[in-house]
Novice: 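Shown below is the structure under consideration.
A, B, ... follow the sequence lines: proteins, then strands. Residue 1 opens every chain.
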Amino acid sequence: MASTSLIVKSTKNGVSEQKSVTYVNPAATNANLKTFAQKITAISNHTYTGATRVDKTDVNEAGGGSKLEPTLTVSDGSYAYNGDGQIFGYVEDDYCLKINRTNKTFSVKTTEGSTVSTYTIHLHATEGTNYAAKSITFSYSAS
Amino acid sequence: MADTQKTTRVLTMVADFADGDTRTLTVNDPDTSKNLVALVNDLSTFCKNNSILLGDKDSAAFSKIGSAKINQKTITTFDLA
């Protein structure tokens with residue numbers, strides 16, 4: 001469950017203070033949170049100086065956390081398509097993009113040489129034809 | 001060095017939520033020259049009308065500030081000499 005905390009700041013006699021309210025509605029607007037912070041400060045003898053909002057995510061929540069969203073850009077160049085479903089970069093003799101025509105899947109290799117992921121696409125090509133690749137961008141998410 | 005005493009006051013408000021859960025809001029050094037009942041009620045109304053606070057367990061809606069009281073505590077530092 002995502003949640004929001006509010007740190008209310010105030011001063012009194014030149015001494016700054018902070019108070020944390022941890023059960024704040026993440027959907028509350030900043031304007032309303034400022035008003036709330038001012039109202040709660042008004043109950044004390046202190047002078048309101050500001051409020052900071054901290055948005056939090058529960059790391060134990062399934063599906064939470066960050067996602068990996070790499071983008072691969074294949075820059076302009078000529079590639080030979082040999083019919084087995086592999087496209088070779090003209091600089092290296094190893095594949096950068098491997099295509100399985102039957103399953104219509106492709107694998108991408110990073111410069112380090114490890115396979116990054118597989119993704120299903122539809123490609124149309126003629127065996128033995130030099131395929132002049134334009135700039136192709138593949139984006140995918142892996143949790 | 002003689003014994004010293006320091007007195008602090010804390011206003012404790014109990015926030016009630018729709019699932020029966022409660023959370024505590026505290027304010028240090030409440031200003032007793034002000035109409036605190038009115039200020040607490042105003043805070044309660046604002047929190048309810050604008051959904052400022054949520055229940056910690058299941059995001060239950062805030063109902064009201066059900067009670068508020070001022071506690072005074074005295075800290076005595078004893079001279080051990």
Novice: Could you tell me whether the side chains of Arg9(B) and Asn71(B) share a donor-acceptor contact shorter than 3.5 Å?
Specialist: no
Novice: So what's closer than 4.5 Å to chain A heavy atoms on Phe62(B): side chain, backbone, both or neither?
Specialist: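 Looking at Phe62(B), nothing touches chain A.
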Novice: Does any heavy atom of chain A fall under 4.5 Å from the side chain of Ile52(B), the backbone, both, or neither of them?
Specialist: both
Novice: Using a cut-off of under 4.5 Å for heavy-atom pairs, which of Val21(A), Ile40(A), Thr41(A) has the most such pairs with chain B?
Specialist: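 The candidate making the most pairs under 4.5 Å is Ile40(A).
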Novice: So, do Thr8(B) and Gln72(B) sit near enough that their side-chain heavy atoms are less than 4.5 Å apart?
Specialist: no
Novice: Without hydrogens or angle criteria, can the side chains of Gln5(B) and Thr74(B) be said to hold a donor-acceptor pair below 3.5 Å?
Specialist: no
Novice: Given heavy-atom pairs under 4.5 angstrom as the criterion, report whether the side chain, backbone, both or neither of Ser33(B) touches chain A.
Specialist: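 Contact with chain A: none, neither part.
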Novice: Would you say that Ile43(A) contacts Leu11(B) through its side chain, given a criterion of any heavy-atom pair below 4.5 Å between the two side chains?
Specialist: yes
Novice: Checking Ser44(B) against chain A: side chain, backbone, both or neither under 4.5 Å from a heavy atom?
Specialist: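 Neither part.
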Novice: Under 3.5 Å, side chain of Thr49(A) to main-chain N/O of Lys9(A), donor-acceptor pair present?
Specialist: yes
Novice: Side-chain donor-acceptor pair under 3.5 Å between Thr4(A) and Lys56(A), yes or no?
Specialist: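 Side chains of Thr4(A) and Lys56(A): no pair found under 3.5 Å.
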Novice: With chain B, which of Leu33(A), Thr22(A), Val24(A) has the greatest number of heavy-atom pairs at distances under 4.5 Å?
Specialist: Val24(A)
Novice: What option among Leu36(B), Asn35(B), Leu25(B) has the most heavy-atom pairs under 4.5 Å with chain A?
Specialist: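 Most heavy-atom pairs under 4.5 Å with chain A: Leu25(B).
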